[in-house]
Amino acid sequence: MSERERAQVSWKGIEANAPVFSSEGEAVGKVSQVAGDPDADVFTGLAVSIDVLGPPRLVPSERVQAIWPDRVDVALTKAQIEALEPYEETPTVRWRPDTGIGGFFRRLFRGR
């Protein structure tokens, strides 16, 4: 059975270090991280390690063509992947409303 005949999976099913193949059919790197929000089922893209010493590159989700657990095909050439911006994990900020009166100022001037 060829790669194209195997059933594809969701972005949540990508295995660690799955090889990434360019539009030219060449293995160009490995998935180092999948970027997205699994709770909201939002796939942002893939952090792809293209060499040992360099930072991973962010392949946007719209450039991902096909996903199998052990392989990902992208609509980019090797040169285009190498030219992508380095992947930087976006910090998550969670806001919790304060339930007490004057909570912000109480925390700001605590002990004064």
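Just so we're clear, the structure is a prediction, and the values are computed from it rather than from any experiment.
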- After noting the C-alpha distance and the side-chain angles of R63 and D73, does the key distance pass the salt bridge (charged side-chain N to carboxylate O under 4.0 Å, His left out) rule? CA-CA 9 Å; R63 304 302 287 197; D73 290 355; over 6 Å; no
Mark yes or no for whether [X], through its side chain, and [Y], through its backbone, hold a donor-acceptor pair below 3.5 Å.
X	Y	answer
Q8	W68	no
S49	D51	no
E24	K78	yes

- Flag for D41-W11: side-chain donor and acceptor within less than 3.5 Å: yes
To the nearest 0.5 Å, what is the distance between [atom1] on [X] and [atom2] on [Y]?
X	Y	atom1	atom2	result
R57	I50	CZ	CD1	5.0 Å
E15	I67	CD	CD1	12.5 Å
R71	F21	CZ	CZ	4.0 Å

- Message: Tell me every residue that passes side-chain contact (heavy atoms from CB on, under 4.5 Å) with L58, counting only those two or more places apart in sequence or in another chain.
- Response: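 By the side-chain contact (heavy atoms from CB on, under 4.5 Å) rule, L58 matches Y87.
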- Item | Residue pair A18 / D70: nearest heavy atoms and the distance that separates them |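 Taking A18 first and D70 second, the nearest heavy atoms are CB-C, 3.9 Å.
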- Steps toward side chain to side chain contact (heavy atoms under 4.5 Å, CB included) verdict (T44, S61): CA-CA 5 Å; T44 307; S61 60; 5.7 Å; no
- With side chains defined as the heavy atoms from C-beta onward, is the minimum distance between P56 and Q33 less than 4.5 Å?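 Side-chain contact under 4.5 Å: no.
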